[in-house]
Novice: 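Before I ask anything, let me first share the structure, which is written out below as structure tokens.
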Number of protein chains: 4
Amino acid sequence: MSRSTTPAAGAPDGAGPPRRQRSDAKRSAAALLDAAKTAFAQSGVDVPAKQITDLAGVGVGTLYRHYPRRSDLIVAVLQHEIDECVTAADELSSGAGPRAALVAWIGRFTEFVGTKQGLASALHSGDPAYEGLPDQLLEQLVPALQGLLDRAAAAGEARDDVSAREVLTAIALLSQPVPGGADGFSERMIAIFLDGLSVTG
Amino acid sequence: MSRSTTPAAGAPDGAGPPRRQRSDAKRSAAALLDAAKTAFAQSGVDVPAKQITDLAGVGVGTLYRHYPRRSDLIVAVLQHEIDECVTAADELSSGAGPRAALVAWIGRFTEFVGTKQGLASALHSGDPAYEGLPDQLLEQLVPALQGLLDRAAAAGEARDDVSAREVLTAIALLSQPVPGGADGFSERMIAIFLDGLSVTG
Amino acid sequence: MSRSTTPAAGAPDGAGPPRRQRSDAKRSAAALLDAAKTAFAQSGVDVPAKQITDLAGVGVGTLYRHYPRRSDLIVAVLQHEIDECVTAADELSSGAGPRAALVAWIGRFTEFVGTKQGLASALHSGDPAYEGLPDQLLEQLVPALQGLLDRAAAAGEARDDVSAREVLTAIALLSQPVPGGADGFSERMIAIFLDGLSVTG
Amino acid sequence: MSRSTTPAAGAPDGAGPPRRQRSDAKRSAAALLDAAKTAFAQSGVDVPAKQITDLAGVGVGTLYRHYPRRSDLIVAVLQHEIDECVTAADELSSGAGPRAALVAWIGRFTEFVGTKQGLASALHSGDPAYEGLPDQLLEQLVPALQGLLDRAAAAGEARDDVSAREVLTAIALLSQPVPGGADGFSERMIAIFLDGLSVTG
DNA sequence: TATGAATGAGCCTTCATTCAT
DNA sequence: CATGAATGAAGGCTCATTCAT
């Protein structure tokens, strides 16, 4: 009734691709997901929405259409990566030896967690939108690790009084990137932890 | 030479309101430090300044006088606790056995880190104000742990190819509170890590 | 001359999805009109377009095709009801006695206005799109009332120094629903007003 | 932690008064009240906050400090005027004759309502913030009118089966400014209504 | 020195409007 | 013709920071 918006915004960019090709909404959603992943990694979960949309090459409105709340975006990003991680476990479990497979997968997981810095803290922010989220995500990874862990335990190469879930959490913590951390810090600390995990005595 | 150096203990105040007269700026600074510690713990480092000043019972202006930048406050809070932690190490080192002392101090440290959640992420935020800060703080703790670690290594109870600094960092990570974490999660994971640390083979 | 003017009732449609084929644009326009009437009543004239289109079961684009500006929709809604009101006057004028017919029609009009709450304020919003609109709409009702009013005046049952237009406006105002209004408030106040109108002295 | 606001905004306006004189918060609140009154009258209750603050010569923040919610401002504006209206009643009641006083006060009230257009609709918006507000405001005016009404009734100049509250509401409705309204429209319609009110038969 | 009112930049979010399909 | 995804301007609101008192 009152909005007197200027008729059109005109072309925002002479150069870019021929834009707005009704590129099947999915394109936008995916681009946003990707942009968010990058933006979150660079600037944390509180990164301004504008930064994400610019990176994705879409308007803010599009972000809100696909991910009404910030948490929706965060969840989507996490879920997307978790999926990849689970897949990796399947592939690894049918390959190398018990210990090797365990180590390999943990390496993959470490990599994943390493780029998720801020995300974790968002999950614990108390925002009701994340209610049970960490748990839910973690549960998807538990089976992946459990299999590998069982094989190792069966081979006498791992203690059996620790749950896959706990190991997962511990590894996740040790995978956090640290400022003055020399290269391979995470890997070496995780190795020590795994050593402790092998102390079956 | 007879003028008392004490800054006018009996300032004239007949007129004005009974305002907090010359109430030693230090009082404010301390109150703010305390309030910040609490506020940070409750709401993270991004807690609104107002919340801190309200808690401290001072005006915002006072916060800015004592701690011009948010980082100044964060640093102060951390430094304050680090000091207490270092002191504890001194006391412990001259008490129990090598391993016991090590474990005890790490327990103390764990406790400290456990309540600092958000602070850590602030340090890694990339903000130039924290340039080298984590390092600097860590360095103060290194000597504290190194002594305990050396004693343990000398007694054959710890590998010697890991620096005190690395152990400190690893423990700090494992001390992070986790959401679904059962009681004693941190302690148990740290125990496993220490087990790995004892694997001198 | 043998070609049927009916626009291809049997359009080829073998391929595409069973889309609403040539579903008479009128259907959409009508559905929108109806939806708008409801939406306006519920949420005022500023109700988001989306809400109207959802209610009508059409896409936003369709709304803009039929009613480019919000005012077009508002005008259409009002016009639609005015028409019904005028029709009612015709029927009533040839029925009951002077006073009874007048009262009856005003009752009908009251009902109409009562559900138009927000619309009125839109008309007075200063938006050039409504320039002269209220006048135009009002003019259509004037004849309807004038006849009834004249009959009453002729019978000495109404003063004659007030125009049908003014009466119409006054009644419209008194018909506005009021919050704490007891049932029949409008009716009773209008009755008082009509009493005043009868004071021919 | 992240806000990198440019240090200062500099002087927004070379010409204006020497600004920011700590002019006793009340000054701001009053200026805002006044500006709001004007802005509401000109552009309705939904007028952008910026428009109000510009008019008041203060920053947006100041608006939110004094009136956190839009409704707070609306209520304040209304209350302010109600007060003046009530005061007027006191003065009038001890002056002219019964009917004259009644008419005079209603004139005053009409004036008040006439400039409140949009406000009324805000009160009926269903926003919980206005819960009971109209009632509350109305109740303050009821005693003012009741006295005048009683005097008139006692003098046989007004029917007694209508409450002051109802009269108040009816008058308020008739006082609404109408677009094509000739000068004195409200007054004349109200006069007719009052005539009806005098029909004691 | 302390206070807290004022400021305004910046971010979030909604929604009118366009336009590719 | 209809659809609904995309866009981006507009406005709400918060909160860091300054500065008059």
Side-chain angles (χ1 to χ4, degrees), chain A residues 1-10 12 18-29 46-51 53 58-66 68-70, chain B residues 19-25 27-28 46-51 53 58-66 68-70, chain C residues 19-25 27-28 46-51 53 58-66 68-70, chain D residues 1-10 12 18-29 46-51 53 58-66 68-70:
Chain A
M1 177 106 309
S2 48
R3 296 282 191 90
S4 61
T5 315
T6 331
R19 293 197 320 109
R20 196 110 59 76
Q21 294 138 75
R22 173 59 167 213
S23 52
D24 217 1
K26 287 181 182 173
R27 180 84 76 206
S28 292
D46 286 330
V47 60
K50 190 66 177 14
Q51 203 164 308
T53 57
V58 304
V60 253
T62 304
L63 168 61
Y64 283 92
R65 167 184 289 272
H66 293 288
R69 292 166 311 169
R70 170 68 50 128
Chain B
R19 284 293 197 78
R20 201 184 302 52
Q21 56 189 49
R22 224 215 102 254
S23 61
D24 256 354
R27 183 78 80 203
S28 293
D46 284 329
V47 60
K50 190 70 182 0
Q51 204 163 309
T53 57
V58 305
V60 255
T62 307
L63 168 61
Y64 281 89
R65 165 179 299 274
H66 293 289
R69 291 166 311 168
R70 168 70 52 126
Chain C
R19 285 294 199 77
R20 199 182 308 48
Q21 56 189 50
R22 226 215 100 251
S23 61
D24 257 352
R27 181 80 79 206
S28 294
D46 285 330
V47 60
K50 189 71 182 0
Q51 204 163 307
T53 58
V58 305
V60 252
T62 306
L63 168 61
Y64 282 89
R65 166 177 299 276
H66 294 290
R69 292 166 310 169
R70 169 68 53 124
Chain D
M1 180 108 302
S2 47
R3 296 281 189 92
S4 61
T5 314
T6 331
R19 293 198 318 108
R20 199 107 60 74
Q21 294 138 74
R22 176 60 167 214
S23 53
D24 217 2
K26 288 180 184 174
R27 179 84 76 206
S28 293
D46 285 331
V47 61
K50 190 70 180 7
Q51 202 163 310
T53 58
V58 305
V60 248
T62 304
L63 168 61
Y64 284 94
R65 167 184 288 274
H66 294 290
R69 292 167 310 170
R70 170 68 52 128

Novice: Mind checking B:V60 for me? I need base, sugar-phosphate or nothing, with any heavy atom below 4.0 Å counting as a touch.
Specialist: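 Since a base atom lies under 4.0 Å of B:V60, the category is base.
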Novice: For D:G61 and A:G59, find the nucleotide of DNA chain F closest to each by heavy atoms; which residue's nucleotide sits nearer the 5' end?
Specialist: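 Counting from the 5' end, the first nearest nucleotide belongs to A:G59.
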Novice: Write down the partner of F:dC15 under the Watson-Crick or G-U wobble criteria, each distance required to be under 3.5 Å.
Specialist: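 Base-paired to E:dG8.
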Novice: Hey, which sits more toward the 5' end of DNA chain E by its nearest nucleotide, A:D46 or D:L63?
Specialist: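 Nearest nucleotide further toward 5': that of D:L63.
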Novice: A:R70 CZ to E:dT14 P: how many Å, rounded?
Specialist: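 To the nearest whole Å, that distance equals 14 Å.
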Novice: Any side-chain heavy-atom pair from A:R70 and A:V47 closer than 4.5 angstrom?
Specialist: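 With C-beta onward as the side chain, the pair touches.
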Novice: When you get a sec, tell me which of F:dA16, F:dA2, E:dC15 is the closest nucleotide to the side chain of C:P48?
Specialist: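 Shortest atom-to-atom distance from the side chain points to E:dC15.
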Novice: In Å and rounded to the nearest 0.5 Å, what is the CG to CD distance from D:D46 to D:Q51?
Specialist: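 Going from the CG atom of D:D46 to the CD atom of D:Q51 covers 11.5 Å.
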Novice: Roughly how many Å is it from OH in B:Y64 to C1' in E:dA5, rounded to a whole number?
Specialist: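 Those two atoms, OH and C1', are 14 Å apart.
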Novice: Whole angstrom is fine here: how far is it from CZ in B:R65 over to P in E:dT1?
Specialist: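 That distance rounds to 5 Å.
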Novice: Does E:dA20 have a Watson-Crick or wobble partner in any strand here, with both distances under 3.5 angstrom, and which is it?
Specialist: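 Matched E:dA20 with F:dT3 under the 3.5 Å cut-off.
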Novice: Return the 5'-most residue of the pair B:P68, A:H66 with respect to DNA chain F, ranking by each residue's nearest nucleotide.
Specialist: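 First, find each residue's nearest nucleotide; the 5'-ward one identifies A:H66.
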Novice: Verify the contact: side-chain N or O of B:S28 to OP1 or OP2 of E:dT1, cut-off strictly under 4.0 Å; return yes or no.
Specialist: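 For B:S28, the contact criterion (side-chain N or O under 4.0 Å from OP1 or OP2 of E:dT1) is not met.
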Novice: Rounded to the nearest angstrom, tell me the gap between atom NZ in D:K50 and atom P in F:dA10.
Specialist: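 Distance, rounded to whole Å: 13 Å.
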Novice: Whole Å only: how far is the CZ atom of D:R27 from the C1' atom of F:dA20?
Specialist: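 After rounding, the gap between these two atoms is 14 Å.
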Novice: From C-beta outward on C:T62, which listed nucleotide comes closest to its side chain: E:dC11, E:dG4, F:dA2?
Specialist: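 The listed nucleotide nearest to C:T62's side chain is F:dA2.
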Novice: Minimum heavy-atom separation for D:S28 and D:T62, please, with both atom names.
Specialist: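 So the two residues come closest at CB-CG2, 3.8 Å.
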Novice: Could you pull out the closest heavy-atom pair between B:T53 and B:V60, with the gap in Å?
Specialist: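 Shortest heavy-atom contact: CG2-CA, 3.7 Å.
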Novice: Give the nucleotide from the list F:dA16, E:dA16, E:dT7 with an atom nearest to the side chain of C:A49.
Specialist: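 When the side chain of C:A49 is considered, E:dA16 is the closest of F:dA16, E:dA16, E:dT7.
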Novice: Take atom NZ of A:K26 and atom P of F:dG4, then tell me their distance rounded to the nearest Å.
Specialist: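 Distance check: A:K26 NZ to F:dG4 P gives 16 Å.
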